[in-house]
Protein chains: 2
Amino acid sequence: MRVIVVGATGTIGRAVVEALTPRHEIVAVSHRQAPIRVDLADRDSVARMYETIGQVDAVISAAGRARFAPLRELTDADFAMSLANKLMGQVNLVRLGHPSVRDGGSFTLTSGYLGRYPAPGSPAVSLVNAAVEGFVRAAALELPRGIRINAVSPRWIRETLQAPGRDPSPGLPVAVVAQAYVKSLEGNQTGAVLDP
Amino acid sequence: MRVIVVGATGTIGRAVVEALTPRHEIVAVSHRQAPIRVDLADRDSVARMYETIGQVDAVISAAGRARFAPLRELTDADFAMSLANKLMGQVNLVRLGHPSVRDGGSFTLTSGYLGRYPAPGSPAVSLVNAAVEGFVRAAALELPRGIRINAVSPRWIRETLQAPGRDPSPGLPVAVVAQAYVKSLEGNQTGAVLDP
């Protein structure tokens, strides 16, 4: 399959590309580093990305920023950025992208553990992650031509926790997380939230 | 308790006011009809509402608009309105309002059944309802001075279905739905999503 991976240079995206490369043609997209670039917060940038790439079988998003900060520190701008980027950026990948996806293709978006299991500092992230899952469940009922859509909800990733002074042992290896994206792409689920 | 009810003139709001009036002092707020008015989509309007009302024990929101329409018809403006009104309007009730809520008080927001159980036409509504629930779970961990927060997720309401040509029998009586708001206000749950 020809598969767009948005966020292809991030921790999860790199692992997804690595897992898919043997069997699929990957179109790598990222905000700043990949050959094709997209600013998820900019609707026109998303539309241009699809024009540049043309027809594909699937779109995987392992991208999107949301602000992690305590409720008392979160500003209007923090909420606006989080909604525009990780939430509406991914929603627009679907809204603008489904005409570029072939019959029976798929979208896989990224939510995250904090959507259902919050932590202090997660109000904006939890809001966005839960919203992505709500959108995915609903959009699955309406996408045309057998196109499927799922979300992957990653837990803490071992490789992300390997900063100095942090204990990486509670983290899931990113290669395990990547398998949830593979399952969404190659399986037949739709409207699902996949927990690696 | 002194309780703000936002959306006090709506179908649910009226039932909540009726259920609470015997035991509590109600401050009725609505977009257009109550003595005190608020435009949830306007942050300054929310701030002015709290200045006008002063200290309270609790805030109940049975308000907020989100656009019900098929994915292919939902416009950028529909998503923006839904995010600004039912989602950020209720988030801002909490962000701007908690200094006006006394120790041990509470917020009760409204999400809705479509957040977890979508229907064709619900992508924007499902997104917003799920987001409200994600925010509530997270904000519960951070609100100061023992202030609690819950969401009520109403199902279809019998009284709303009583339009000509519709079958009201699958709907839940609004007086039953109102009891979930009473439970949130008078109970000790926090971070919960209450299903009437």
Side-chain angles (χ1 to χ4, degrees), chain A residues 43-44 47 66 68-76 78-80 82-84 86-88 90-92 94-96 98-99 111-144 147 149 151 153 191 193, chain B residues 43-44 47 66 68-76 78-80 82-84 86-88 90-92 94-96 98-99 111-144 147 149 151 153 191 193:
Chain A
R43 187 206 148 101
D44 294 340
F68 191 89
L71 185 60
R72 68 178 180 281
E73 292 176 15
L74 284 167
T75 63
D76 293 348
D78 290 331
F79 277 100
S82 305
L83 292 175
K86 186 169 183 180
L87 178 54
M88 289 308 299
Q90 294 196 98
V91 167
N92 286 337
V94 179
R95 292 174 65 215
L96 305 177
H98 68 77
S111 60
Y113 187 75
L114 294 167
R116 278 167 291 155
Y117 307 100
S122 79
V125 178
S126 294
L127 179 163
V128 164
N129 288 352
V132 168
E133 297 179 4
F135 174 76
V136 161
R137 284 189 289 267
L141 306 181
E142 296 190 42
L143 283 171
I147 297 173
I149 181 169
S153 175
V193 178
Chain B
R43 188 207 147 102
D44 294 342
F68 190 90
L71 185 59
R72 67 178 180 281
E73 293 177 15
L74 283 167
T75 63
D76 293 349
D78 290 332
F79 277 101
S82 304
L83 292 175
K86 187 170 181 179
L87 178 54
M88 290 307 299
Q90 294 195 97
V91 167
N92 286 337
V94 178
R95 292 174 66 215
L96 305 177
H98 67 78
S111 60
Y113 187 75
L114 295 166
R116 278 167 291 157
Y117 308 99
S122 79
V125 178
S126 293
L127 178 163
V128 164
N129 288 352
V132 168
E133 296 179 5
F135 173 76
V136 160
R137 283 188 289 267
L141 306 181
E142 298 190 41
L143 284 171
I147 297 174
I149 181 169
S153 176
V193 177

Of the listed residues (B/P144, B/A80, B/G115), which shares the most heavy-atom pairs with chain A below a 4.5 Å separation? B/G115

Give, for atom CD of B/E142 and atom CD of A/E73, the distance between the pair rounded to the nearest 0.5 Å. 9.0 Å

Pairs of heavy atoms under 4.5 Å with chain A: top-ranked of B/A130, B/A131, B/S122: B/A131

Most contacts with chain A, counted as non-hydrogen pairs under 4.5 angstrom, among B/A124, B/A140, B/A138: B/A138

Residue A/R43 versus chain B: region with a heavy atom under 4.5 Å: side chain

Within this structure, what is the CD-CD distance for the pair A/E133 and B/E133, rounded to the nearest 0.5 Å? 11.0 Å

Contact between A/L71 and B/F135 at the side-chain level, heavy atoms closer than 4.5 Å - yes or no? yes

For A/A119, is it the side chain, the backbone, both or neither that has a heavy atom under 4.5 Å from a heavy atom of chain B? backbone

Please identify, among A/L87, A/N129, A/L143, the residue contributing the most non-hydrogen atom pairs under 4.5 Å to chain B. A/L87

Quick check on B/L83 against chain A: is it the side chain, the backbone, both or neither that has a heavy atom closer than 4.5 Å? side chain

Side chain, backbone, both or neither: which part of B/V91 has a heavy atom under 4.5 Å from chain A? side chain

On a heavy-atom basis, which atom in B/T75 and which in A/R95 lie closest, and how many Å separate them? C-NH2, 3.3 Å

With respect to chain A, which residue among B/L127, B/V132, B/V128, B/V94 yields the maximal number of heavy-atom pairs within a distance under 4.5 Å? B/L127

